[in-house]
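As the structure is a computational prediction, the values presented were derived from the model and not from experiment.
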Amino acid sequence: MDIITIVITALIALSVGVAISLIVQRSMAHTRAKAIVDEARIQAESIKKDKIREGEKEAEKLTSEAEKTANQKMQKVQAAESRAKQRELQLNQQQSENQRTKNENEATRAHLDAQLAICEEKKAELDKLHRTAIDTLEHISGLSSEDAKEKLVESLKDEAKTAAQSYINEIMDEAKLTANKEAKRIVIQTIQRVATETAIENSVTVFHIDSDEIKGRIIGREGRNIRALEAHTGIEIIVDDTPEAIVLSGFDPVRREIARLALHQLVADGRIHPARIEEVVAKVRKQVEEEIIETGKRTAIDLGIHGLNPELIRLVGKMKYRSSYGQNLLQHARETANLCAVMASELGLNPKKARRAGLLHDIGKVPDEEPELPHALLGMKLAEKYKEKPDICNAIGAHHDEVEPTTLLAPIVQICDAISGARPGARREIVEAYLKRLNDLEQLALSYPGVIKTYAIQAGRELRVIVGADKIDDAETEKLSAEIAKKIQDEMTYPGQVKITVIRETRAVAFAK
């Protein structure tokens, strides 16, 4: 029992202790909570005061900015009002000035109208006096005013013609007297005005064969041989019904020559197949290239020209396979070179330089690449590229007036180029074009009054004009020949020069019976 009592007593004591502890803890928690609440209240009051102060400062700042903005807007409004008042004042002043100007203009217009009316009256009086004077003069002279005008115009026209012809004759006589003194300058400046060229170029080569059986072998099975030939030579091969002939067509004469020689070797050998064609064409191309270089060297040696660049020698040799208006280009270049040397010697200039420029003047026609440039300019650029002297380059570029001549060498080359191309037989011309040119020459001269007959002779290089002796006098014949020459020069294209001879003769015929 004692143990139970002790246990119960212990339990009761423990319960009482726990209860007391709970009560003490609750009291302490309440006290702590109250302290926290008080502290929070104090902090809230402090934060509230800070926020109030910040709000007051922000409000003061916004108020200050609003006042500043309002002041600026007020200043702008005042400035705008000031400008508006000033503009209104200006408009009023301008309106006043316009009104004053309008009144002045009306007054001036009225004054001018009055003056104009007075002028009209004076003009009417003058016209009346003028008509009276004309009537008096017509009555005295017995001619109307129109007849008098016509007579005066005819008289002045005849006087002007006579004076002009006399002046021309004086100038021509003076030129004849000073011809020897001015020979170099006159020859250089006048003869270079030579005619422009006409165009006809070879673009086909005819390859002759012994029999038409060879045509089939050249064509080959299903055309393989002819395709191989065209592919390796770059030439179109035309096999048609023409007996014993094959046409090689192409604009490059060197390629045509390679194709011709290759065909010749293939036909002579008899073995014609694609592999053999390729081999023969390559061999012939090498041979032609070697021949081109050899021709260029031989030409330079024949003309006594030394120090040419190897590429220029190659271009000179290539001229052998080119033609200009039907004239072989190498032959033309050699001829021009010799003519240049002769003319330079006669003029006291350097014949070696002239011969060199004459030989190279047409190298622009034979380069492998053909840019879009006139051949004279291209030749000049090639000469500059291969270190030819400036006077030689200028002579090449100026021989067709593409650039301005800077030395006497340039017009000499121009003259000799024209002489070589204009000589009879040097260049071919289509028969129809030749006949048309002769007919145009004759018809051009016939269009002038007083001309009875015209005859184009010397292959169109001379024109004989026969005029009526009763229609044109001796002085007018000289004028007529000059006018026809100028018209031919302006309107026609011709090689060389055309001589115009005007013939006027008086015939007296009587019969003895």
Side-chain angles (χ1 to χ4, degrees), residues 175 178-197 296 299-300 303-316 319 322 324-325 329-330 332-367 369-423 489 493 495-497:
T178 59
N180 292 330
K181 183 179 178 181
E182 299 289 328
K184 290 182 182 180
R185 183 180 62 82
I186 292 173
V187 168
I188 296 294
Q189 291 184 358
T190 57
I191 200 170
Q192 59 183 311
R193 292 181 174 271
V194 183
T196 58
E197 307 151 339
T299 301
L303 294 173
I305 297 172
H306 306 287
L308 278 179
N309 186 283
E311 187 60 29
L312 288 179
I313 290 176
R314 178 177 172 274
L315 291 175
V316 170
M319 288 181 182
R322 297 272 179 175
S324 178
Y325 307 97
L329 193 58
L330 180 59
H332 168 62
R334 291 175 65 110
E335 194 173 71
T336 303
N338 288 322
L339 287 169
C340 287
V342 173
M343 183 169 283
S345 298
E346 292 294 328
L347 293 174
L349 302 175
N350 189 336
K352 291 185 178 180
K353 281 190 175 183
R355 187 181 286 113
R356 191 184 192 98
L359 177 64
L360 299 178
H361 79 282
D362 269 346
I363 58 172
K365 291 183 178 180
V366 293
E369 312 87 18
E370 297 192 1
E372 307 252 342
L373 278 177
H375 75 272
L377 290 181
L378 181 57
M380 182 179 70
K381 290 184 180 296
L382 288 170
E384 291 173 349
K385 178 180 177 182
Y386 298 118
K387 310 302 181 184
E388 287 294 318
K389 292 183 178 179
D391 51 354
I392 303 292
C393 297
N394 178 258
I396 295 171
H399 81 275
H400 283 309
D401 293 321
E402 302 290 350
V403 297
E404 190 70 23
T406 57
T407 65
L408 289 178
L409 197 60
I412 286 176
V413 173
Q414 191 176 43
I415 294 164
C416 295
D417 175 47
I419 292 172
S420 174
R423 65 178 175 80
Q489 191 172 354
T493 300
Q497 61 183 9

Inter-residue atom distance [X].[atom1] - [Y].[atom2], 0.5 Å rounding:
X    : Y    : atom1 : atom2 : answer
E311 : I363 : CD    : CD1   : 9.5 Å
R355 : L339 : CZ    : CG    : 11.0 Å
T407 : N350 : OG1   : CG    : 11.0 Å
D362 : H375 : CG    : NE2   : 4.5 Å
L308 : I313 : CG    : CD1   : 5.5 Å
D391 : L408 : CG    : CG    : 11.0 Å

message: I'd like to check the side chain to side chain donor-acceptor pair (under 3.5 Å) partners of N338; sequence neighbours left out, ordered by chain and number.
response: none
Could you report the tightest heavy-atom contact between [X] and [Y], atom names first, then the distance?
X    : Y    : answer
A344 : A354 : CB-CB, 3.6 Å
M319 : L359 : CE-O, 3.7 Å
A398 : Q414 : O-NE2, 3.8 Å
C340 : V413 : SG-CA, 3.8 Å
H399 : D417 : CD2-OD2, 3.6 Å

Ignoring hydrogens and angles, write down the donor-acceptor pairs under 3.5 Å from the side chains of residues 377-390, residues two or more places apart or on other chains.
| from | atom 1 | to | atom 2 | distance (Å) |
| --- | --- | --- | --- | --- |
| E388 | OE1 | R356 | NE | 2.7 |
| E388 | OE2 | R356 | NH2 | 3.2 |

query: Below 4.5 Å, heavy atoms only, C-beta onward: do L409 and N394 meet side chain to side chain?
result: no
field: Donor + acceptor pair across side chains of H400, H361 (<3.5 Å)
entry: no
